[in-house]
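Here the structure comes first, spelled out in C-alpha cells, and everything after it is commentary.
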Amino acid sequence: MTEVQDNVREMLTAEQVLALIPISRTTLFRLERDKVFPKGEAVTPHRKLWFKDEVIAWQRDLRDPKSALAQAIRARGVKGRPPRALKVV
C-alpha cells in the first residue's frame with residue numbers, strides 16, 4: 001500500500017451507521033449531541049459522515065460494563081424522562 005492509502009480512514013453515512021446500530025436517526029443525532037456517540041464530520045453543509053473505526057470502538061465500549069461509555073448510557077437512562085403511563089382504552 002502507498003502512504004496515502006495507509007492514512008485513509010473509511011467513513012460511513014448516517015444510513016450505514018443506522019444499518020450497524022438499530023436506532024432511529026433522531027436517536028443517533030441525540031446521542032451525538034449528548035457526546036455519547038462519536039461526532040460526525042460535516043463534509044458539506046448537508047452531509048455528515050462518521051469514521052468507521054470510531055463507530056466500531058463505540059460498539060466495543062458499549063459492551064464493556066466498566067467503560068465510561070456504558071456508565072454514561074446507564075446514567076442517561078436514569079436522568080431521562082420517566083416512562084409514560086399506558087393509556088387504558
Side-chain angles (χ1 to χ4, degrees):
M1 284 192 178
T2 67
E3 186 178 327
V4 172
Q5 289 173 323
D6 290 340
N7 294 328
V8 174
R9 295 168 60 193
E10 188 173 349
M11 297 184 89
L12 303 172
T13 63
E15 292 76 21
Q16 291 171 316
V17 171
L18 295 174
L20 294 172
I21 303 166
I23 57 176
S24 72
R25 188 179 192 88
T26 301
T27 299
L28 171 66
F29 289 109
R30 283 182 186 151
L31 290 173
E32 182 187 26
R33 177 197 67 201
D34 296 345
K35 299 180 181 166
V36 180
F37 192 77
K39 186 173 179 355
E41 299 292 327
V43 293
T44 69
H46 301 285
R47 187 69 159 181
K48 185 181 273 194
L49 301 174
W50 287 262
F51 288 108
K52 184 177 182 177
D53 59 334
E54 291 179 0
V55 173
I56 292 169
W58 179 87
Q59 289 175 313
R60 192 177 312 114
D61 287 347
L62 192 60
R63 288 182 283 169
D64 179 7
K66 295 179 182 176
S67 74
L69 172 63
Q71 292 172 8
I73 292 286
R74 279 196 302 275
R76 188 175 185 268
V78 171
K79 291 180 184 175
R81 290 183 297 189
R84 292 189 293 193
L86 293 176
K87 191 177 194 179
V88 178
V89 244

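Counting from 1, the numbers follow the sequence of the chain as shown.
With sequence neighbours excluded, no residue forms a side-chain hydrogen bond (donor to acceptor under 3.5 Å, both in side chains) with T26. Partners of I23 under the side chain to side chain contact (heavy atoms under 4.5 Å, CB included) rule, at least two apart in sequence or in another chain, are L18, I21, T27, L28, L31. In terms of the salt bridge (charged side-chain N to carboxylate O under 4.0 Å, His left out) criterion, R60 has no residue partners (sequence neighbours excluded). Residues passing the side-chain hydrogen bond (donor to acceptor under 3.5 Å, both in side chains) test with D34, sequence neighbours excluded: R76. Listed by chain and number, the residues in a side-chain hydrogen bond (donor to acceptor under 3.5 Å, both in side chains) with R25 are E15 (sequence neighbours excluded).
A distance of 5.5 Å separates CZ of R47 from OG1 of T13, quoted to the nearest 0.5 Å. Interatomic distance, E10 CD to L49 CG, rounded to the nearest 0.5 Å: 11.0 Å.
Tracing side-chain contacts under 4.5 Å through hydrophobic residues (I, L, V, M, F, W, Y), one reaches F37 starting from L12; they form part of the same cluster. Linking Ile, Leu, Val, Met, Phe, Trp and Tyr residues whenever their side-chain heavy atoms come within less than 4.5 Å places L20 and V36 in a single cluster.
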Quiz prompt | Trace of the side chain to side chain contact (heavy atoms under 4.5 Å, CB included) decision for M11 with E41 | solution = CA-CA 9 Å; M11 297 184 89; E41 299 292 327; 4.0 Å; yes

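Using modelled atom types, one side-chain atom of E32 and one backbone atom of G40 make a donor-acceptor pair closer than 3.5 Å.
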Review item, side-chain donor-acceptor pairs of residues 50-57, under 3.5 Å, at least two apart:
from, atom 1, to, atom 2, distance (Å)
W50, NE1, P38, O, 3.2
D53, OD1, R9, NE, 3.4
D53, OD1, R9, NH2, 3.0
D53, OD2, R9, NE, 3.3
D53, OD2, R9, NH2, 3.4
E54, OE2, R9, NH2, 3.1

